[in-house]
Amino acid sequence: MAGRVDLDGNPINPMTICMIGAGGFIGSHLCEKLMSETPHTVLAVDVYSDKIKHLLEPTSLPWNGRIQFHRINIKNDSRLEGLIKMADLTVNLAAICTPADYNTRPLDTIYSNFIDALPVVKYCSENGKRLVHFSTCEVYGKTIGAFLPEDSPLRQDPAYFVLSEDASPCIFGPIEKQRWSYACAKQLIERLIYAEGAENGLEFTIVRPFNWIGPRMDFIPGIDGPSEGVPRVLACFSNNLLRHEPLKLVDGGHSQRTFIYIKDAIEAVFLMIENPARANGHIFNVGNPNNEVTVKQLAEMMTQVYSKVSGETPLETPTVDVSSKEFYGEGYDDSDKRIPDMTIINRQLGWNPKTSLWDLLESTLTYQHRTYAEAVKQAMSKTTAN
Ligand SMILES: NC(=O)c1ccc[n+]([C@@H]2O[C@H](COP(=O)([O-])OP(=O)(O)OC[C@H]3O[C@@H](n4cnc5c(N)ncnc54)[C@H](O)[C@@H]3O)[C@@H](O)[C@H]2O)c1
Ligand SMILES: O=c1ccn([C@@H]2O[C@H](COP(=O)(O)OP(=O)(O)O[C@H]3OC[C@@H](O)[C@H](O)[C@H]3O)[C@@H](O)[C@H]2O)c(=O)[nH]1
């Protein structure tokens, strides 16, 4: 830890970080690395702490005293401003961010992603504190290419699908497609933060994650989350594999995504935190353009990898088609393709992702199998007995 320097060779001084949403998937990885590799202090704010329990107890941990957990719902807690004032930097991760909620709980989604983030932005701006705010790749919505005829050769031209922070438009569906409630709320909070920077000098960085995946993402329904809950695709497919049931392909699984390993992505966030002069005032795509697959290909790859790590033979029919209406309900819509332009993050922070999709699935599914296989087996035998 001694002698740590930033990208310009300047010493990095220990700082206090107010991390809101620290108990979630990304927050837990960020806290873990901040504790083990830096001298920084974290004021961890969340309503849940299960995913960071291993960092909070026992008190003999080497970083004891450098991480404090504050069980706070930022919707209605006056302690928030005090914590932001005590910190040098606020990282805001708190959000409802599972697609199954966007069309079924659109009000909660809009409040969580816009209204609840407002005081955070205001306290940072009024108190002259730096803000790193987590937005999403969903602010791009659909690609321009999605509106071209199916057989148009222009669909192959990167200009019609690569998503750039400073050039691509944000293309959402009609209001009745409530899927876009999340993307729209995130877009408006980005615009507000940007305006606070322009008019009031707020020092900010906006992060647009492109499908970060890895251990501790979401929950396995009926094990550490509600049985009827629908998490994001990694946890949905993991759940199917653990239960030996076919993976469900929504509308044929034709949508494309680029997946990045959480540990690669966290390195990018570290560079932003510790290089304010290079990160302030910027919006950064953080993804891995080399890891593109259709959801169907992801299902096939996860089936193969899970078989390798668990030693279990895959089902003869490993996938099944399901309509989006049946799976998510009325008002669902989808992003067709998401390839991040890496020019800005490369130029400002010299960062590049490293881990291939196969490798990141292998380590993640090893974790899923080790963590959940026994619990799933027991839950399934109980159901059968009843
Ligand atoms: N994981 C990804 O690939 C991804 C992609 C795009 C955007 N993001 C964004 O990154 C951020 C973190 O995502 P994640 O994957 O870690 O999700 P997550 O759901 O695991 O973490 C969010 C955390 O925020 C907490 N939270 C929510 N509302 C709160 C409130 N009112 N008060 C206190 N805590 C609250 C939750 O309890 C949860 O622990 C979100 O803003 C999300 O929109 C993530
Ligand atoms: O069981 C499933 C689950 C999901 N899917 C599909 O898999 C794709 C990915 O779904 P995810 O649940 O991971 O979520 P998405 O990639 O659509 O959105 C995510 O992206 C960025 C973040 O802001 C959010 O974390 C989330 O909105 C979608 O096309 C979805 O329809 C399936 O085919 N089967």
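Each residue takes its place number in the sequence, starting with 1. Remember, it's 1-based here, ligands and their atoms both numbered in the order they're listed.
Looking at V295 against ligand 2, only its side chain comes within 4.0 Å, counting heavy atoms. Counting heavy atoms closer than 4.0 Å to ligand 2, residue F134 contributes nothing at all. At a heavy-atom distance under 4.0 Å, only side-chain atoms of R179, from C-beta outward, approach ligand 2. Residue S135 touches ligand 1 through its backbone alone, judged by heavy-atom distances below 4.0 Å. Only the side chain of K186 comes within 4.0 Å of ligand 1, judged by heavy-atom distances. Only side-chain heavy atoms of Y328 come within less than 4.0 Å of ligand 2; its backbone N, CA, C and O stay farther off. Heavy atoms of R232 found under 4.0 angstrom from ligand 1 belong exclusively to the side chain. Contacts between Y182 and ligand 1, counted as non-hydrogen atom pairs separated by less than 4.0 Å, involve the side chain only. At a 4.0 Å heavy-atom cut-off, ligand 1 touches W212 through backbone and side chain alike. Only the side chain of R257 comes within 4.0 Å of ligand 2, judged by heavy-atom distances. With a 4.0 Å cut-off on non-hydrogen atoms, V45 does not touch ligand 1 at all. Contact annotation: for L234 versus ligand 2, there are no heavy atoms closer than 4.0 Å.
Counting only heavy atoms of the protein, atom 27 (C) of ligand 1 lies nearest to A95 N, 3.6 Å. Scanning the protein heavy atoms around atom 16 (O) of ligand 1, the nearest turns out to be I26 N, 2.8 Å. The shortest contact between atom 19 (O) of ligand 1 and any protein heavy atom is with C97 SG, 3.8 Å. Among all non-hydrogen protein atoms, the one lying nearest atom 30 (C) of ligand 1 is N73 OD1, 3.5 Å. Shortest contact from atom 20 (O) of ligand 2 to any protein heavy atom: R338 NH1, 3.1 Å. Atom 10 (O) of ligand 2 has V233 CB, 3.8 Å as its closest protein atom, hydrogens excluded (heavy atom only). In this structure, the protein non-hydrogen atom closest to atom 25 (O) of ligand 2 is R232 NH1, 2.8 Å. The single protein non-hydrogen atom nearest to atom 31 (O) of ligand 2 is Y332 OH, 2.8 Å, given as residue, atom name and distance. Summary of contacts: the protein heavy atom closest to atom 21 (O) of ligand 1 is G24 CA, 3.4 Å. Here the heavy atom of the protein found nearest to atom 29 (O) of ligand 2 is D334 OD2, 2.6 Å. Here the protein heavy atom with the shortest distance to atom 5 (C) of ligand 1 is P209 CB, 3.5 Å. Nearest non-hydrogen protein atom to atom 14 (O) of ligand 2 is P99 CG, 3.3 Å. For atom 26 (N) of ligand 1, the closest non-hydrogen atom on the protein side is A94 CB, 3.8 Å. When only non-hydrogen protein atoms are considered, atom 34 (N) of ligand 2 lies nearest to K248 O, 2.7 Å. The protein heavy-atom contact nearest to atom 33 (C) of ligand 1 is I72 O, 3.2 Å. Protein heavy atom nearest atom 19 (C) of ligand 2, with residue, atom name and distance: E138 OE2, 3.4 Å.
Considering E138, E190, E165 in turn, E190 is the only one that fulfils the salt bridge (charged side-chain N to carboxylate O under 4.0 Å, His left out) rule with R208. Checked against I17 for a side-chain contact (heavy atoms from CB on, under 4.5 Å), the options L34, T41, L30 give a single hit: L34. In summary, of the residues considered (K308, Q368, M301, Q304), a side-chain contact (heavy atoms from CB on, under 4.5 Å) with L361 occurs for M301 alone. Of the candidates K325, K177, K142, D333 forms a salt bridge (charged side-chain N to carboxylate O under 4.0 Å, His left out) with just one, namely K142.
Short contacts between ligand 1 and Y48, defined as distances under 4.0 Å to a heavy atom of the residue, involve ligand atoms 37 (O). Residue contact check: Y102 has heavy atoms under 4.0 Å from atoms 24 (C), 26 (C), 27 (O) of ligand 2. Remark: ligand 2 atoms within the under-4.0 Å shell around heavy atoms of Y182 are 22 (C), 23 (O), 24 (C), 27 (O). Atoms of ligand 2 found under 4.0 Å from any heavy atom of S255, numbered from 1 in the order shown, are 29 (O). Within ligand 1, counting atoms from 1 as listed, the ones closer than 4.0 Å to a heavy atom of G21 are 23 (C), 24 (O), 25 (C). If you number the atoms of ligand 1 from 1 as listed, the ones under 4.0 Å from a heavy atom of G23 come out as 39 (O). Applying the 4.0 Å criterion to heavy atoms of I74 picks out, from ligand 1, the atoms 30 (C), 31 (N), 32 (N), 33 (C). For ligand 1, the atoms lying closer than 4.0 Å to a non-hydrogen atom of V47 are 33 (C), 34 (N), 37 (O).
No side-chain donor-acceptor contact under 3.5 Å links R179 and Y328.
Note on ligand 1: S112 sits outside its first shell, no heavy atom being nearer than 4.0 Å. Remark: distances from the non-hydrogen atoms of C97 to ligand 2 include one below 4.0 Å.
Taking all heavy atoms of T136, N211, I20 into account, the minimum distance to atom 6 (C) of ligand 1 is reached by T136. Ranked by closest heavy atom to atom 25 (C) of ligand 1, the top entry among D46, L93, D77 is D46.
The N/O atoms of C137, backbone and side chain alike, include none that comes under 3.5 Å of an N/O atom in ligand 2. Inclusion of N240 in the set of residues having an N or O under 3.5 Å from an N or O of ligand 2 is not warranted. Taking any N or O of F25, backbone or side chain, at least one lies under 3.5 Å from an N or O belonging to ligand 1. For the pair L249 and ligand 2, the shortest N or O to N or O distance does not fall below 3.5 Å.
Annotation: cation-pi pair K33/F270 present, NZ/CZ under 6.0 Å from the ring centroid and within 45° of its normal.
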